[in-house]
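Counting convention: from 1, in listed order, for ligands and their atoms alike. All values below were derived from every heavy atom in this structure, side-chain atoms included, with hydrogens, water molecules and symmetry-related copies excluded.
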Amino acid sequence: MTKTVLITGATSGIGKACAERFAKEKYNLILTGRRQERLDSIKAQLENEFSIHVFTCCFDVQDKKAVFDSIQALPAEWQEVHILINNAGLALGREAFDEADMDDWETMLHTNVDGLLYVSRAVLPLIKNTGEGHIINIGSIAGKEVYENGNVYCASKFAVDAITRSMRIDLLKHGIKVTGIHPGAVETEFSIVRYKGEETKANATYKGLTPLTGEDIADTIFYCASLPKHVCINDLVITPLQQASTYYFFRKD
Ligand code: NDP
Ligand code: 8X3
């Protein structure tokens, strides 16, 4: 039987790499993001290359009504979701608590926390339709330990960690696995977004490092998703070799 995976934030980085990884394994995909033209081109490429079916939904995860309307409008043949990858998220700014932009704080909390909650609740009935299911939440090493000027981004990812643990308890009775994936530095559009297009700052994030790639995280997620039915990986922190914590890096010239 062909299984379906729903991936939020599939237009870039980790989410796009997950779409490619699961397509290669012949899953059908429901891909979401805010940039429809990217969703269209990823759909065309993956359907053509892997002979799978892809359905795209364009919405902002912060918009509760748009999330529920889009998921509830899925066609009859897309009413089963075996795996949900809650990946959409972002950091904005890296300033001290007393200097940071409070609009950025709100966007991070609305996206990383509220968005994940809305999507999870909207998709849960479709996961329950399968009689099994797996929810994979993308947290961060920033959700395990705080770092200077990380304040509200860290808080949003600590919340993702707490929600992940709570989901695992509350959804156990439905036979749904819940996994938290917590990456360190992954080179994607993440830093460009965080530093609002300031390339010098964005590039400094990865200077002297061999960072993780979206594909590294997608491979790990696929591994978690492909284990036997009775096995659930609860929690994984993944860093590049040169990163030991949120703030300790061994950079080379
Ligand atoms: P990217 O910026 O490359 O991708 C982020 C994705 O999230 C995009 O597809 C974007 O799509 C989507 N997204 C952002 N905001 C919204 C929104 N409001 N509504 C819907 N979709 C949204 O970054 P990454 O791939 O690196 O990030 C993916 C996840 O991994 C995030 O949760 C991030 O916090 C986490 N992470 C990243 C790390 C890193 O070092 N890169 C490390 C640890 C965790 P679109 O713009 O089309 O809406
Ligand atoms: C992204 C990793 O350390 O830049 O979640 O916050 S970090």
V231-I221 co-clustered via ILVMFWY side chain contacts under 4.5 Å: yes
Salt-bridge contact K24-E20 (side-chain N to carboxylate O under 4.0 Å): no
Protein heavy-atom partner closest to atom 4 (O) of ligand 2 - residue, atom, separation in Å: R194 NH1, 3.6 Å
Q62 neighbourhood, listing ligand 1 atoms whose heavy-atom distance to it stays under 4.0 Å: 18 (N)
ILVMFWY cluster, L84 and I14 together (side-chain gap under 4.5 Å): no
For atom 14 (C) of ligand 1, the protein heavy atom that lies nearest, with its residue and separation: R34 NH2, 3.4 Å
Any N or O of Q243 closer than 3.5 Å to N or O of ligand 2: no
Residue part near ligand 1, for K16, under 4.0 Å between non-hydrogen atoms: neither
Identity and distance of the protein heavy atom lying nearest atom 18 (N) of ligand 1: D60 OD1, 2.8 Å
Ring pair (Phe, Tyr, Trp, His ring centres under 6.0 Å) evaluation trace for Y153 with F190: CA-CA 12 Å; Y153 178 67; F190 177 84; 5.6 Å; yes
Heteroatom proximity flag, Y206 to ligand 1, N/O under 3.5 Å: no
Nearest protein heavy atom with distance in Å, relative to atom 19 (N) of ligand 1: V61 N, 3.0 Å
contact_flag K157 ligand 2 heavy-atom lt 4.0 Å: no
For N87, the ligand 1 atoms whose distance to one of its heavy atoms is below 4.0 Å: 28 (C), 29 (C), 30 (O), 31 (C), 32 (O)
Any donor-acceptor pair under 3.5 Å from N149 side chain to A96 backbone: yes
Geometric class of the F97/W105 ring pair [parallel <30°, tilted 30-60°, perpendicular >60°]: tilted
Which segment of Y153 sits under 4.0 Å of ligand 1 when only heavy atoms are counted: side chain
Identity of the nearest option to atom 6 (C) of ligand 1, non-hydrogen atoms only, from P240, P183, G9: G9
Ligand-residue contact atoms, ligand 1 with G13, heavy atoms, under 4.0 Å: 3 (O), 25 (O)
Euclidean distance, T210 OG1 relative to Q243 CD, rounded to 0.5 Å: 12.5 Å
Winner among I192, T11, I217 once heavy atoms are compared against atom 9 (O) of ligand 1: T11
Ligand-residue contact atoms, ligand 2 with S140, heavy atoms, under 4.0 Å: 1 (C), 2 (C), 5 (O)
Test log, rule side-chain contact (heavy atoms from CB on, under 4.5 Å), inputs H174 and L124: CA-CA 10 Å; H174 300 293; L124 257 169; over 6 Å; no
Numbered atoms of ligand 1 (with element) below 4.0 Å of F59, judged on heavy atoms: 19 (N), 20 (C)
Test side chain to side chain donor-acceptor pair (under 3.5 Å) applied to D161 and T164, step by step: CA-CA 5 Å; D161 192 25; T164 302; 5.4 Å; no
Pairwise side-chain contact, T205 with Y195, heavy-atom cut-off 4.5 Å (strictly under): yes
Same cluster (ILVMFWY, side-chain, under 4.5 Å), V81 and L46: no
Any N/O pair I14/ligand 1 closer than 3.5 Å: yes
For atom 26 (O) of ligand 1, the protein heavy atom that lies nearest, with its residue and separation: T188 OG1, 2.6 Å
Distance-only N or O hit between ligand 2 and Y147, under 3.5 Å: yes
Neighbour count >12 (heavy atoms, 6.0 Å) for atom NZ, K65: no
Heavy-atom side-chain contact between I135 and N86 under 4.5 Å: yes
Close approach of K157 to ligand 1, heavy atoms, under 4.0 angstrom: yes
I85 reachable from L227 in the ILVMFWY side-chain graph, under 4.5 Å edges: yes
Shortest protein contact, atom 38 (C) of ligand 1 (heavy atom only): G184 O, 4.0 Å
Atom 21 (N) of ligand 1: nearest protein contact (heavy atom, Å): A88 CB, 3.7 Å
Nearest-option assignment for atom 40 (O) of ligand 1, heavy atoms, candidates T205, I238, V160, V186: V186
Plane angle bin for F55 and W78 - parallel if under 30°, tilted between 30 and 60°, otherwise perpendicular: tilted
Nearest-option assignment for atom 5 (C) of ligand 1, heavy atoms, candidates G15, A185, G89, G214: G89
Heavy-atom nearest option to atom 44 (C) of ligand 1, drawn from C57, G139, C58: G139
Location of contacts on T111 toward ligand 1, heavy atoms closer than 4.0 Å: side chain
T56 and Q36 side chains, donor-acceptor separation under 3.5 Å: yes
Nearest non-hydrogen protein atom, atom 3 (O) of ligand 1: S12 OG, 2.5 Å
Between T107 and D104, a side-chain donor and acceptor under 3.5 Å: no
S140, any N or O under 3.5 Å of ligand 1 N or O: no
Nearest protein heavy atom with distance in Å, relative to atom 37 (C) of ligand 1: F190 CD1, 3.9 Å
Element-labelled atoms of ligand 2 that are located less than 4.0 Å from some non-hydrogen atom of A142: 6 (O)
